[in-house]
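Start at 1 with the first residue, then count along the sequence.
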Amino acid sequence: SFCPSGISGSSAGLSWARVCKECGQQHEGPDSHLYEYQDEVDDELVCHICLQPLLRPMDTPCGHTYCFHCLSNFLKEQDFCPVDRQRLQLHQCRPSSLLVRNLLDKLVVTCPHSAECQQQMQRCELQPHLHNRCPVFKRLREEAEKRKRPSWNELKGRKGDVESSGDAKHSATPSRNHTRDQPEPGLINPAFEESEEDNTPLRSSLVAEANVVELFRDEPEEELGLRIVGGKDTPLGNIVIQEIVRDSLAARDGRLAPGDHILEVNDVSLAAVPHSRAIAVLQQPSLLRLTVMQEKGFKIRDHHNPGTVLQVTLMKSQRTEPLGIKLIRKSDESGVFILDLLSGGLAAKDGKLRNNDKVLAINGHDLRHGTPESAAQIIQGSEVRVNFVVMRPAEAPDDGGSGRAARRAPEPQYFRRRSTYMKDPPGGFSSQEKTVSLKKEPRLSLGITIAGGRDCRSRLPVYITSVQPIGCLHRDGTIKRGDVLLSINGVDLTQLTYNEAVSALKAQTAQSQVVLRVIQTLSEDPEDDADAANKDELDPADDLRDDGLNWTPLWTRWLGLPSHMHWCRDIVLHKTNSESWGFSIVGGYEESHGQQPFFIKTIVPGTPAHFDGRLKCGDEIVAVNGATTVGMNNSSLIPMLKLQKNKVTLTVVSWPGSLV
């Protein structure tokens, strides 16, 4: 086996600070992981540089495969392939196929702490084993924690919770928690209250795991497809994934989910950094290694059966025979669904697949975030046997509408509306109005590009995406990218759709006198405002070509807007008596910050809030059942949410997370 010499299974002399949180061994450098393989490994799966089984395998154009770490180090010094010496640069190489990565993931390894833990597992299972099951790893972490006390509760922001069994959480404390030494104040948690019916603490069944997810950008500018909220300068504290953009790099990878807390990126801790700094770290080119804390939901109770997982094998009479399945995507859920089985076709005759089944995998290829096109390619490329894994939705019970299918009544057309709930922004965020009065040639353009509008997905006010270096506003210098438009010549722009705003701006710009009022949001994070300023100083040619089109404000840019600019929506959740709503909240009155708005901090898989799908991490709760949350503290909002046995109406304001 490839057990490196000098490494025994004894844990003596190990320390939490020095042990690798991924492979459990001590080694030089962040990437030179060491594993103890059980069996001889096929030569095809061995790197020609380090002579170990491949880690993050990369294929060269000349047909050789190396570990990413080995190859990138080699190409820092040389410019050729180590085997055939053909000219080579790293950007020409591509991650190996899913098949090769799966074969490597399935190699059997032994836990490195074999003196006390004799477990064997697939290589991809070692890291979850270390973080969630290995007694030696747990002991090392607990010893380190005793010396430096911040716990998972604080990291996730869960003080003042109905804390019935924190142990389930401590088993998932991730590596290197650089959290503040004081627990965060003002945290409440209606996700995890005890059930009054049967006195089983629902908390105890919550499972969270620390996992490492690696994403590789083919192009340095490529978006990962994550929308991010939170940061130490916001009430959320942590960096949290708000949503995953469909068909993006992260969606195709399939391992990250909304609600995951990002703890580290390439060994840089995000536990105590402001939002803008975290976004900068996530925008690094090429390879990103994310350490994330993922809620796995409630292990016991299955009230909310999302469906049944079935395995179906279809046998083609010859390789080219079509299966007779129509596949589609849905607008409200990622993944691939069966729309129809063609009558007389192979699948219809077999009779096991049904319309509306969600395709989770075909022949071992994960399609939870796949596309109909990629599914069709796998089917066409398969031999005669095609193995499907599908999720079949649970049948809706006929009990007057408590089943999932009956949950979402059609909402009135104008479910999003101007908010009438007045409140202050979170501590550290504010805004100021600016007015510019210009005399200009009637046909001369203002030289700004805009985006937003109350018809866009997030119902945003109209904002400026660029100030062109040729217009009169650029010379004046008052108006900046990211400013939100209030009015032009007295015409209110705050409630208009995008096209209405464009028409109003064109009509008023034809005048020789223009008075433009805007609002600029401010933050105490100097990097946030510096970031905005620097971006306005871009090379003019660069700005015109690119940034006016693609620039979007950071999530924190919206937090300082006054509440009369907010639009809100009502989200009605339903549950059974013994269930938990499935979300946790941060905010309320705090000694240090005064009155803070309430934000959604986590959403737990398998709960009403998760199944409903509209509530997002980072949403601000402005009212519950029509009563404003302003002036409330935790001790008044917890009982209010607990009292709602089967139905609650949350009025929320939702800003789009920062895109990376």
Side-chain angles (χ1 to χ4, degrees), residues 128 131-132 152 155-158 161 165 168-169 171-172 174 189-193 195 200-211 213 226-227 229-230 236 238-244 246 250-251 253-263 290-309 330 332-335 358 360-361 366-369 389 391-394 403-405 407-408 571 573-576 578-586 599-619 648 650 657:
H131 283 278
N132 302 300
W152 163 237
L155 178 87
K156 195 141 180 199
R158 293 238 166 112
D161 218 356
S165 67
K169 285 295 177 198
S171 68
N189 210 332
F192 312 117
E193 71 257 14
S195 139
T200 50
L202 301 183
R203 280 246 32 181
S204 61
S205 56
L206 255 182
V207 180
E209 279 186 3
N211 289 307
V213 172
L226 304 177
R227 284 198 176 275
V229 297
L236 286 179
N238 297 6
I239 296 295
V240 186
I241 298 176
Q242 180 195 49
E243 61 181 312
I244 296 194
R246 200 162 90 184
D253 176 82
R255 287 174 293 173
L256 295 172
D260 289 353
H261 290 223
I262 304 178
L263 309 177
L290 310 182
T291 306
V292 291
M293 185 59 79
Q294 300 185 304
E295 288 283 13
K296 297 299 180 191
F298 292 105
K299 268 249 171 104
I300 49 176
R301 310 152 32 251
D302 196 11
H303 301 314
H304 246 301
N305 182 6
T308 317
V309 176
K330 290 188 176 181
D332 58 342
E333 195 178 339
S334 64
K358 179 174 183 175
L360 302 179
D366 185 346
L367 287 167
R368 286 171 301 176
H369 295 273
V389 179
M391 165 82 81
R392 180 158 302 157
R404 193 183 160 194
R407 288 261 160 127
R408 294 271 283 271
I571 294 177
L573 299 179
H574 300 261
K575 72 176 181 71
T576 61
S578 58
E579 277 186 302
S580 152
W581 288 117
F583 59 87
S584 70
I585 295 176
V586 56
F599 287 89
I600 300 285
K601 178 142 187 175
T602 44
I603 293 173
V604 182
T607 60
H610 172 251
F611 282 127
D612 177 85
R614 291 172 294 173
L615 208 57
K616 296 191 187 79
C617 292
D619 284 0
V648 70
L650 303 174

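Remark: R368 CZ is loosely packed, at most 12 non-hydrogen atoms of other residues, nucleotides or ligands lying under 6.0 Å away.
Looking only at distances, no side-chain donor or acceptor of K575 sits under 3.5 Å from a matching main-chain atom of W581. The backbone N or O of V240 lies less than 3.5 Å from no partner atom in the side chain of N238, so there is not a single donor-acceptor pair. In this structure, D619 contributes its side chain and K616 its backbone to a donor-acceptor pair below 3.5 Å.
Distance check, rounded to the nearest 0.5 Å: SG of C617 to CD1 of I603 gives 4.5 Å. Interatomic distance, T291 OG1 to I262 CD1, rounded to the nearest 0.5 Å: 10.0 Å. Taking CD from E295 and NE2 from H261, the interatomic distance works out to 7.0 Å, rounded to the nearest 0.5 Å. Here the CG-OG1 distance, from L236 to T602, works out to 9.5 Å after rounding to the nearest 0.5 Å.
In this view, A251 and I244, S248, H369 satisfy the side chain to side chain contact (heavy atoms under 4.5 Å, CB included) rule, not counting sequence neighbours. Listed by chain and residue number, nothing satisfies the side chain to side chain donor-acceptor pair (under 3.5 Å) test with Q242 (two or more places apart in sequence, or in another chain).
Heavy-atom minimum distance, L256 versus Q294: CA-NE2, 4.1 Å. The two residues R255 and D260 come nearest to each other via the heavy atoms O-OD2, 4.2 Å. Residues A609 and G582 approach most closely at CB-O, 3.9 Å, considering heavy atoms.
Here the side chains of L360 and D366 are not in contact, with every heavy-atom distance at 4.5 Å or above.
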*Start with the C-alpha distance between T607 and F583, add both sets of side-chain angles, then the distance that settles side chain to side chain contact (heavy atoms under 4.5 Å, CB included), and finish with yes or no.*
CA-CA 8 Å; T607 60; F583 59 87; over 6 Å; no
